[in-house]
Amino acid sequence: MHRFPKRLHEAALQILVGRSLRTLRARPPLLRDPNETRSAASQGRVRLRLLALWVGRGVSGFLQRRHTAQAYRGAENSARSCRGSAGRRTWIAAGSDGGEPAMLRRALRALPSTLRGGGDPVPSLSARPFARGASSERWEEKPSSIETRWKDKAETVIIGGGCVGVSLAYHLAKAGMKDVLLLEKSELTAGSTWHAAGLTTYFHPGINLKKIHYYSIKLYEKLEEETGQAVGFHQPGSIRIASTPTRVDECKYQMARAGWHPAEQYLIEPEKVQELFPLLNMEKVLAGLYNPGDGHIDPYSLTMALAAGARKYGAHLKYPVQVTNLKYRSDGTWEVETPHGTIQANRIVNTAGFWAREIGKMIGLQHPLIPVHHQYVVTATIPEVKGLKRELPVLRDLEGSYYLRQERDGLLFGPYENQEKMKLQESWVTHGVPPGFGKELFESDLDRIMDHVEAAMEMVPVLKQADIINVVAGPITYSPDILPMVGPHQGVRNYWVAIGFGYGIIHAGGIGKYLSDWIIEGEPSFDLIELDPNRYGKWTTTKYTEAKARESYGFNNIAGYPKEERFAGRPTERVSGLYDVLKSKCSMGFHAGWEQPHWFYKSGDEIGYKPSFQRTNWFEPVGREHKQVMEKVGVIDLTPFGKFSIKGSDSVKLLDHLFANVIPKVGFTNISHMLTPRGKVYAELTVSHLRPGEFLLITGSGSELHDLRWIEEEAVRGQYNVEIKNVTEELGVLGELGWELYHRREDSAALYSIIMETGYEEGIDNFGTYAMNSLRLEKAFRAWGAEMNCDTNPLEAGLTYFIKLNKPADFIGKQALKQMKEKGIERRLVYLTLETENVDPEGNESVWYSSKARIVDFIS
């Protein structure tokens with residue numbers, strides 16, 4: 001397969017004429033490289049042509065293919081750079097001496113003099129890959145003035161002017177915060193926003209992020225009316241194609257979890273799929289998951305509209321302004337150093353995209369992020385598409401691992417290649433992002449995605465005769481688990497992040513609102529712990545980040561099973577003293593970097609990880625372990641528990657302020673809850689009073705730094721004289737329900753051996769976390785993150801036994817709870833018994849009230 005030369009906006013350059021944005025059109029192909037070959041697998045179906053480009057109102061200045069090849073032949077990883085402030089851009093090949101390629105000079109000379117701008121290279125040339133929507137769309141980017149209204153103080157400084165950062169500025173200012181300042185080193189949308197495909201969807205396989213998606217779409221629907229800026233928002237809906245029985249099961253699984261959310265979602269038959277997308281080859285289509293209201297938006301126009309709104313409400317957006325250093329002050333504020341002066345800020349928010357690692361390094365943090373090469377392809381006009389009466393819904397072929405949508409009268413499709421073929425930009429992690437990198441692209445590589453191209457042609461046959469006019473290969477930033485990192489960072493006061501967005505366009509609106517509410521109100525508006533930046537720690541090495549990012553990108557479209565496990569990068573340095581003893585006897589799970597047994601093997605069991613939407617190989621063994629603990633005795637490795645030591649003259653006062661329960665006496669232990677100011681359950685911990693003024697606090701593995709950050713923040717805010725130490729990795733834990741033995745981690749194996757030897761006559765045996773969860777459910781024992789979280793108050797969750805409203809201390813959330821109790825609760829936790837043969841509830845399934853056919857709530 002012939003590799004396309006590097007992309008120079010080959011057939012999608014845009015010019016600004018007056019106040020309307022016109023797209024330069026691709027003329028029918030005049031040239032064909034005689035050396036072009038065809039993939040044997042495609043059997044002559046692939047017609048990859050570089051279309052000649054015309055600029056202005058007449059045919060002038062063809063960019064011939066050989067010029068592109070000559071100008072950009074070189075290193076495989078070389079990137080395209082576009083340097084300069086708004087109004088002046090110069091294109092260079094990465095690693096060159098900065099000169100303009102000959103092909104670009106020819107193209108510039110071909111422009112009418114009115115567009116050349118007195119010698120400056122295309123002063124109004126948009127750096128977006130292509131336009132979306134009607135040519136009558138309007139956009140306005142107000143240039144930033146560094147000299148005027150420079151501010152040396154700000155309530156919040158946002159670092160990074162992509163769609164997420166600008167959304168946060170918009171929401172903070174709209175909510176009434178004064179002195180909101182956004183700093184962008186280049187220009188708005190530089191980085192990953194400007195070249196994004198712009199997909200928007202209500203769907204998310206998780207639960208909490210559905211709320212983010214929903215808010216974003218509802219915001220985008222009204223943003224043009226609010227700001228006067230067109231956003232190019234198309235809402236033709238989307239279909240996820242199920243082409244295997246497993247995919248049909250996955251769709252049913254997701255339907256069960258979607259009902260209690262406000263967005264529409266339907267499982268549709270093949271006939272309906274074909275009606276909505278008539279260009280499909282229906283041979284493999286078994287069903288579709290349909291979301292009306294999904295679609296795509298122009299990321300550039302979206303960001304400009306949010307910027308207009310931010311300015312309207314009083315925020316200041318300054319660019320180009322590079323942050324050169326950050327200094328923490330003893331009073332909790334920050335000094336933000338720039339070439340234009342130093343700004344004192346009450347808080348800073350890192351929204352710097354693939355520059356986020358550099359910002360983090362300024363204060364000693366190593367954010368686990370890595371840029372990924374993502375490509376998508378744009379076709380010329382396809383007659384069958386042009387002839388349609390309505391826009392096609394966005395298509396997601398899950399087995400083919402690509403998305404596809406209509407782009408004007410052609411199609412745009414982008415694949416997610418597997419982890420062996422996908423490409424990371426590791427050098428940016430080890431050596432930093434190249435200076436000046438802003439609105440640039442990587443070398444395109446169609447060979448890497450040809451399997452997906454051919455899958456798309458098989459599913460959408462009109463692609464076989466389509467001409468490719470554009471290949472966009474740009475950087476997007478991945479965290480290890482593909483989810484962004486959003487919220488305040490543990491260990492550094494008043495430092496917030498919104499980074500690592502693999503899907504920043506659909507997240508931007510909702511995350512801007514979520515963070516704004518949290519910053520202003522002092523607590524998150526709903527539970528979103530899966531995005532907590534503190535889910536990572538020192539164990540998250542660069543090697544781990546690279547391995548997981550490869551896996552996460554390659555797994556973009558794999559079936560999303562219940563109890564999913566992913567194995568890249570494991571084990572980390574976080575292994576208990578029993579890991580080597582137990583690893584061959586069980587199926588290990590991953591918990592905050594730790595390896596922990598999920599269930600244990602016996603002779604005759606089918607071993608290993610066997611995911612399924614029905615009961616699978618772990619079901620019977622877990623029942624066996626359940627019975628073991630109920631009738632005999634079991635032992636479990638609980639080392640991943642988060643463990644904190646708190647001591648000092650004010651330790652009792654601090655804990656009395658933090659917890660709704662009374663503080664246990666010396667030598668005693670109780671379960672206590674930290675509440676938010678609004679009375680929601682922020683955390684559940686076990687509190688042991690070891691010696692006068694000295695406490696050991698235990699929390700779940702997944703909330704270790706989440707809880708520690710809250711405790712540290714309150715200790716500083718109240719100026720309590722305490723010493724707080726994270727001892728999670730120092731202590732091992734072995735236990736059975738009701739008995740937990742805390743010991744030095746290095747002694748775990750010896751202690752385990754003694755316990756197993758001593759308990760032999762009692763029939764002692766191992767059990768894992770699956771059985772423990774089953775046991776606690778039968779006991780009606782609530783778990784944080786399931787039956788209680790920041791979406792739930794303790795009265796609803798049935799936790800009144802642990803809430804002492806009559807204790808003298810004015811603990812956080814006390815006044816809110818008193819008001820709730822006076823008003824009465826509108827919902828409460830109940831336990832249900834379900835009869836089922838082969839499918840069990842996993843949590844978050846909708847609960848239907850059958851006599852009225854309505855949804856009343858969901859399963860925890």
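- For Glu565, the CD atom counts as densely surrounded, since its 6.0 Å shell holds more than 12 non-hydrogen atoms of other residues, nucleotides or ligands.
- Inter-residue side-chain proximity for Thr189 and Cys163 is flagged as unmet; no heavy-atom pair is nearer than 4.5 Å.
- Within the 6.0 Å centre-distance limit, the rings of His171 and Tyr215 are counted as a close aromatic pair.
- For the side chain to side chain donor-acceptor pair (under 3.5 Å) criterion with Glu391, the lone passing option out of His234, Gln406, Gln235 is His234.
- Here the side chains of Gln254 and Pro205 are in contact, with some heavy-atom distance below 4.5 Å.
- Aromatic rings of Phe442 and His373 (six-membered ring for Trp) have centroids within the 6.0 Å cut-off, being under it.
- Considering Tyr553, Tyr478, Tyr376 in turn, Tyr553 is the only one that fulfils the ring pair (Phe, Tyr, Trp, His ring centres under 6.0 Å) rule with Tyr416.
- For the pair Val486/Trp518, no side-chain contact is recorded, criterion being any heavy-atom separation below 4.5 Å from C-beta on.
- For Asn557 and Ser401, the side-chain atoms include at least one donor-acceptor pair closer than 3.5 Å.
- The neighbour count for Lys210 NZ, taken as heavy atoms of other residues, nucleotides or ligands under 6.0 Å away, is above 12.
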- Task: Would you check, one step at a time, whether the test side chain to side chain contact (heavy atoms under 4.5 Å, CB included) holds for Asp481 with Arg535?
- Result: CA-CA 10 Å; Asp481 63 7; Arg535 68 187 185 270; 3.0 Å; yes
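- Contact check for Leu280 versus Met459: side-chain heavy atoms found under the 4.5 Å cut-off.
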- Dump the intermediate steps for side chain to side chain donor-acceptor pair (under 3.5 Å) on Tyr214 and Lys218, then the final yes or no. CA-CA 6 Å; Tyr214 185 85; Lys218 294 306 178 185; 4.5 Å; no
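- By the 30° and 60° cut-offs, the orientation of the rings of His213 relative to His204 is perpendicular.
- Put simply, the side chain of Ile859 reaches to within 4.5 Å of the side chain of Val847, judged on heavy atoms.
- For Glu420, the CD atom counts as densely surrounded, since its 6.0 Å shell holds more than 12 non-hydrogen atoms of other residues, nucleotides or ligands.
- Proximity of Leu172 to Ile158: side-chain heavy atoms (C-beta onward) are separated by under 4.5 Å at one or more points.
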- Begin with the C-alpha distance, continue with both residues' side-chain angles, and end with the deciding distance and a verdict on side chain to side chain contact (heavy atoms under 4.5 Å, CB included) for Glu407 and Asn470. CA-CA 12 Å; Glu407 173 60 28; Asn470 211 3; over 6 Å; no
- Task: With side chain to side chain contact (heavy atoms under 4.5 Å, CB included) as the test, would you mind laying out the steps for Arg247 and Arg240 before giving the verdict?
- Result: CA-CA 10 Å; Arg247 292 295 187 178; Arg240 297 179 127 74; over 6 Å; no
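- Two residues are said to be in side-chain contact when any heavy atoms from C-beta on lie closer than 4.5 Å; Asn844 and Trp260 meet this criterion.
- Side-chain contact between Asp451 and Asn418 is absent, with no heavy atoms from C-beta onward closer than 4.5 Å.
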